[in-house]
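A quick write-up on the structure given underneath.
Atoms within a ligand are numbered from 1 in the order they appear, just like the ligands themselves. Small disclaimer: the values here were computed from a predicted structure and weren't measured. We count residues from 1, following the sequence as given.
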Amino acid sequence: MPLPKLDTEYLTKFLVDLLNIPSPTGFTEEAIAFVEKELSAYSQLKLSRTRKGALVAKWEGSSNDAPRALTAHVDTLGAMVKEIKTAKNTNISEGRLSITRIGGLMLPAVETEGCWVHTSKGQKIRGSLLVNTASAHVHGVKSLETKRDEDNMEIRLDVKVSNVDDVKELGIQVGDFVSFDPRVELTNGFVRSRFLDDKACVAAIVAAIKSLADSGVAPTQTAYFHISNYEEVGHGASAGIPAEVIELVTVDMAAVGRGQESDEFHATLCVKDSGGPYHHGLSNRLRKLADEYEIPYKVDIYPYYGSDGEAFWRAGGDVAVALIGPGVDASHNYERTHTEALVATTNWILAYLLD
Ligand SMILES: [Zn+2]
């Protein structure tokens, strides 16, 4: 039986909309609610939230003797306001903000990026992240030499402020979340954006659900879809996978670069990362399915990588875990993938749900 038809246009549109919702780890409510609203259109799904804020959708299968789960994460890298700078500090302008990173944010990758400071009262204040020796005409060669780290980078607000009190008056406080612009662009099938990790895979799961629902088919086994909200700090799916589940397929980006098999036009099965090997039996079943349905895929190993599947394993989850996902170039940087990889990943999810 061929796989149900996939609505690629829907997949891309949903992805772009999701990418444009700020969701650094700890500040994911809007993104989770967006996915929840989308999935609430399907009466086949029973939706719930974990206490930690993750979204879980249950779809009763034709059989229920081997329930499965898939997980993808909606949280992204970002930052928090660490300090409202005063004139006492050297080399800074009063009223600028220093930040503390959330997840593995690489500061050189967001230098000069536009950002929002989200106050605790729900306001958004615009700014950008700069090195504190940004002006070439003031700092000369020092501007190039300054290390791009938390000590030397600061947010410049696009509001007239000249001291700490002005900033506080805006409602900004230490601990406010900072989100960076994703800068989404679609060109020739490429999707270029920050945070394709892991919104690309959330979109793949949602598109797979739509495709299955549109074709009037139910999953072979009862399936849980876990939309995680704390993956980038290592404990996303450590809670929220029901105890009856026997297999967990983590859907997360594949690492593209020198020495890697993965690319932007395939889905990848990751058999080992920093957390060690994944479940051989489940991985082999996924390979067999990809061969059977002629899904373009690679098999790869990621040298600096951990997944939510491993978070569940570490939390004591007694399940088989495997990891698949689309190839994403320049991960945790200005990322890029291609629609072909997104389609391959979504079809792989469908093949698994119908297996
Ligand atoms: Zn990820």
Side-chain angles (χ1 to χ4, degrees), residues 15 18-19 21-28 31-32 35 52-55 69-79 101-106 109-110 179-180 182 184 191-206 225-241 248-257 260 262 264 266-276 278 298 300-315 321-337 341-342 344-346 348-349:
L15 173 57
L18 183 59
L19 286 165
I21 299 173
S23 57
T25 310
F27 191 72
T28 53
I32 288 279
V35 180
K52 196 158 110 179
L55 177 67
L70 291 111
T71 185
H73 65 95
V74 88
D75 63 305
T76 72
L77 309 177
R101 299 175 305 141
I102 293 174
L105 182 77
M106 301 192 295
V110 280
S179 65
F180 294 96
V184 190
V191 187
R192 170 154 51 82
S193 178
R194 297 186 188 283
F195 316 130
L196 288 168
D197 172 12
D198 188 27
K199 289 176 171 174
C201 299
V202 175
I205 286 180
V206 172
F225 305 94
H226 177 273
I227 307 300
S228 175
N229 62 337
Y230 274 93
E231 193 274 348
E232 291 292 1
V233 293
H235 59 76
S238 62
I241 307 292
L248 173 61
V249 172
T250 309
V251 193
D252 208 337
M253 53 139 284
V256 172
Q260 296 299 110
S262 307
E264 295 162 275
H266 291 75
T268 296
L269 172 78
C270 175
V271 289
K272 177 182 180 287
D273 63 18
S274 310
Y278 284 89
K298 304 269 187 181
D300 211 352
I301 290 167
Y302 310 151
Y304 304 100
Y305 195 106
S307 80
D308 245 348
E310 288 160 339
F312 187 54
W313 261 348
R314 289 212 174 80
V321 176
L323 170 62
I324 60 170
V328 169
D329 186 56
S331 53
H332 283 194
N333 207 309
Y334 194 17
E335 299 168 347
R336 194 183 71 169
T337 190
L342 300 174
T345 303
T346 310
W348 213 345
I349 294 168

Side chains of D197 and H332, donor plus acceptor under 3.5 Å: yes

N/O/S from D308 sitting under 2.8 Å away from the Zn ion (ligand 1): no

Under 3.5 Å side-chain donor-acceptor pair for Y334 and R194: no

Whether E232 has an N, O or S atom under 2.8 Å from the Zn ion (ligand 1): no

Distance-only polar pair, side chains of S307 and Y278, donor-acceptor under 3.5 Å: yes

Side-chain donor-acceptor contact under 3.5 Å, S262 with T268: yes

N, O or S atom of H73 closer to the Zn ion (ligand 1) than 2.8 Å: yes

Closest D197 atom to the Zn ion (ligand 1) [N, O or S only]: OD1

